[in-house]
Number of protein chains: 2
Amino acid sequence: MMRRSSIHCSSCENYECLIKKSLSTDEAERLAMQKATLNCKKGQQFIMEGTPVSGLFFIYKGKAKVLKTGIYGKEQILRLVQEGEIIGHRGFGTKNKYAISASALEDAILCNFSNETLDLMMKKIPELTYELMLFYADELNRSETKVKKLAQMTVREKVIDTILFIQRKFGINHKGGINLQLSRKEIADYSGTTEEQVIRTISSLKSEALIKCSGKMISIPDTRKLQSEISEHNFYLDQ
Amino acid sequence: MMRRSSIHCSSCENYECLIKKSLSTDEAERLAMQKATLNCKKGQQFIMEGTPVSGLFFIYKGKAKVLKTGIYGKEQILRLVQEGEIIGHRGFGTKNKYAISASALEDAILCNFSNETLDLMMKKIPELTYELMLFYADELNRSETKVKKLAQMTVREKVIDTILFIQRKFGINHKGGINLQLSRKEIADYSGTTEEQVIRTISSLKSEALIKCSGKMISIPDTRKLQSEISEHNFYLDQ
DNA sequence: CGCCTATTTGAACCGGGTCAAGCATTGTGG
DNA sequence: CCACAATGCTTGACCCGGTTCAAATAGGCG
């Protein structure tokens with residue numbers, strides 16, 4: 001993980017950034033300068049479960065996944081993270097150890113705010129604390145919806161739900177394909193099933209013309225139609 | 001749900017209450033008086049998924065469960081809530097509709113802070129916002145651990161984990177039994193399985209002398225021993 | 001005591017996980 | 001540029017855990 005010259009918040013173009021949103025005074029800007037900027041290659045792990053918390057990460061460029069490693073090394077992907085979002089925030093609560101791991105899905109540039117900087121910023125900027133609270137409340141909603149889905153959906157529904165979700169979150173590219181290519185294994189680790197089940201489900205969906213594939217790229221010809229495969233029994237799809 | 005004369009925060013004995021913790025000034029106390037106090041009978045639902053958010057609830061007395069209703073009316077219990085804890089807080093994020101339901105597990109007395117009161121309090125008391133943020137971050141941790149467990153544990157492990165959890169959280173009574181009696185169905189709804197599976201697992205555990213039962217009351221003769229039934233493959237039991 | 005609900009047990013079915021083998025794709029070094 | 005290795009993807013077959021259905025039993029409460 002390479003350290004590089006820091007990118008200043010004032011010249012950053014991620015206007016959805018929680019930090020930047022809350023920066024109004026010069027003082028806040030000065031605090032925000034205390035961050036480090038890091039380069040991270042595809043596949044590289046930048047947060048490791050169980051290690052001491054070293055602040056909050058912000059995805060300046062790239063995509064990442066947040067996961068827990070479980071029984072026999074099986075991964076559970078908890079979040080797929082886009083440019084402009086934060087990670088590693090789980091350090092606050094009762095613990096000072098990361099409860100999750102995170103690694104880059106493609107080459108990424110990360111901003112890192114240390115614990116001290118973050119504490120200082122929150123003390124000086126109540127709006128930031130408020131924004132963080134909203135962020136956690138939202139994430140909690142999402143996570144609890146996921147709990148329900150894992151407990152109640154069939155494998156087919158879970159895989160469809162995952163595909164719809166990544167399209168909703170990451171959008172589509174110029175070819176009409178979903179703008180994030182995951183391996184079958186990763187789709188399985190997010191859906192809470194196995195690689196083989198994902199492959200079988202995707203094969204079925206292809207033969208039913210509900211999706212199209214070329215390699216890892218998946219596209220959905222008719223989103224509404226695919227949605228109807230799960231929505232009859234799932235009224236609150238608030239993921 | 002019966003409205004009753006308000007209990008004043010200053011005479012409240014729940015010292016762990018997020019609200020009370022943050023009340024230092026007279027002004028804060030005055031704001032906290034703006035709350036309503038409600039009586040709620042066992043089984044009564046006081047938050048309904050999909051209805052507009054009417055603020056935050058605090059459990060002054062009693063116990064409650066937080067759940068999502070899913071496919072074919074199957075319930076997923078997300079949280080078991082004790083005296084001194086808050087509920088209904090999910091209103092913040094992007095939505096103004098409750099994403100969860102809540103009902104009393106036994107007769108309860110609830111404090112309710114309206115949206116307006118809460119907003120006002122957070123603006124005036126940064127410490128409260130901070131405490132709420134920590135609360136959400138903690139809850140998020142718990143929820144994400146639950147996601148992993150649901151995806152990876154066997155039914156037997158999930159049921160054992162649930163029994164251990166409710167003992168850890170609610171403690172034991174004078175008879176050595178867990179201080180919260182849930183129905184088999186409720187244990188199933190929390191564990192993410194069916195009533196029959198819970199019954200079968202509990203039967204096995206009884207015959208293995210890992211637990212004892214009399215009616216709904218469960219007791220664990222040797223917690224460590226029961227723990228070892230799941231912990232070999234689960235290193236981070238941070239629920 | 002009798003009704004209603006909760007719990008328990010049995011049996012059958014099936015979804016989904018596991019194992020194994022074959023195929024495709026990508027990458028690397030000679 | 002090809003050969004070969006390594007990795008990822010796909011498919012088939014098998015089997016087991018877990019859900020479902022049904023029926024019996026126990027327990028709680030008016």
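Model, not experiment: these values are computed from the prediction. The analysis underlying the following values was restricted to heavy atoms, covering all of them including side chains, and did not include hydrogens, waters or symmetry mates. Chain identifiers are assigned alphabetically (A, B, ...) following the order of the sequence lines, protein sequences preceding nucleic acid strands; residue numbering begins at 1 within each chain.
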Open item on the list: Between B:Lys61 and B:Glu83, does the salt bridge (charged side-chain N to carboxylate O under 4.0 Å, His left out) criterion hold? Intermediate values first, please.
Closed with: CA-CA 5 Å; B:Lys61 196 118 198 67; B:Glu83 268 165 41; 3.3 Å; yes
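- Using a 4.0 Å cut-off between charged side-chain N and carboxylate O, A:Arg184 and A:Glu195 make no salt bridge.
- Each end of the helix from C:dC1-D:dG30 to C:dG30-D:dC1 gets its own axis, taken as the rotation carrying the C1' atoms of four end pairs onto the next four within a five-pair window, and the two axes meet at 40° to the nearest 10 degrees.
- In this structure, CD of A:Gln197 is placed 12 Å from C1' of C:dC14, rounded to the nearest angstrom.
- Distance from the side chain of A:Val155 is smallest for C:dG16 among the nucleotides D:dG18, D:dT20, C:dG16.
- To the nearest 0.5 Å, atoms CG (B:Leu210) and CG (B:Leu226) are separated by 5.5 Å.
- A donor and an acceptor atom never sit less than 3.5 Å apart when one is taken from the side chain of B:Arg156 and the other from the base of D:dG17.
- When the P atom of C:dT7 is taken as reference, atom NZ of B:Lys185 falls 11 Å away, rounded to whole Å.
- Atom NZ in A:Lys216 sits about 10 Å away from atom C1' in C:dT26, given to the nearest Å.
- In this structure, A:Thr193 reaches the C:dG17 phosphate: one of its side-chain N or O atoms is under 4.0 Å from OP1 or OP2.
- Taking atom CE on B:Met153 and atom P on D:dG18, their separation rounds to 12 Å, with Å as the unit.
- For a distance-only test at 3.5 Å, the side chain of A:Arg200 qualifies as a donor-acceptor partner of the base of C:dT18.
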TODO: Just do the ring pair (Phe, Tyr, Trp, His ring centres under 6.0 Å) check on B:Phe113 and B:Phe58 with the steps written out, would you?
DONE: CA-CA 8 Å; B:Phe113 296 86; B:Phe58 173 79; 7.6 Å; no
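- D:dC9 atom C1' lies 15 Å from atom CD of A:Gln181, rounded to whole Å.
- A straight line from NZ of A:Lys42 to P of D:dT7 spans 15 Å, rounded to a whole angstrom.
- Among the protein residues, A:Lys158 comes within range of no part of the nucleic acid, since none of its heavy atoms lies under 4.0 Å from any strand.
- A donor atom on one side chain and an acceptor atom on the other are not found under 3.5 Å apart for A:Ser103 and A:Gln44.
- One atom, CD1 of A:Ile202, and another, P of C:dA24, lie 18 Å apart when rounded to the nearest Å.
- The nucleotide whose nearest atom lies closest to any side-chain atom of B:Glu196 is, among C:dT8, D:dT11, D:dC21, D:dC21.
- Set against D:dT20, D:dT10, C:dG16, the side chain of A:Ile199 has D:dT10 as its closest nucleotide.
- Looking at the side chain of A:Arg184, the nearest of the listed nucleotides C:dT8, D:dT10, D:dG18 is D:dT10.
- The shortest distance between the side-chain N/O atoms of B:Ser203 and the OP1/OP2 oxygens of C:dT9 is below 4.0 Å.
- No salt bridge links B:Glu157 with B:Lys149; every basic N to acidic carboxylate O contact stays at or beyond 4.0 Å.
- Atom NZ in A:Lys206 sits about 12 Å away from atom C1' in D:dT11, given to the nearest Å.
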TODO: Evaluate the salt bridge (charged side-chain N to carboxylate O under 4.0 Å, His left out) criterion for residues A:Lys148 and B:Glu75: first the C-alpha distance (whole Å), next the side-chain angles of each, then the deciding distance (0.1 Å), finally the verdict.
DONE: CA-CA 8 Å; A:Lys148 189 189 82 176; B:Glu75 287 185 359; over 6 Å; no
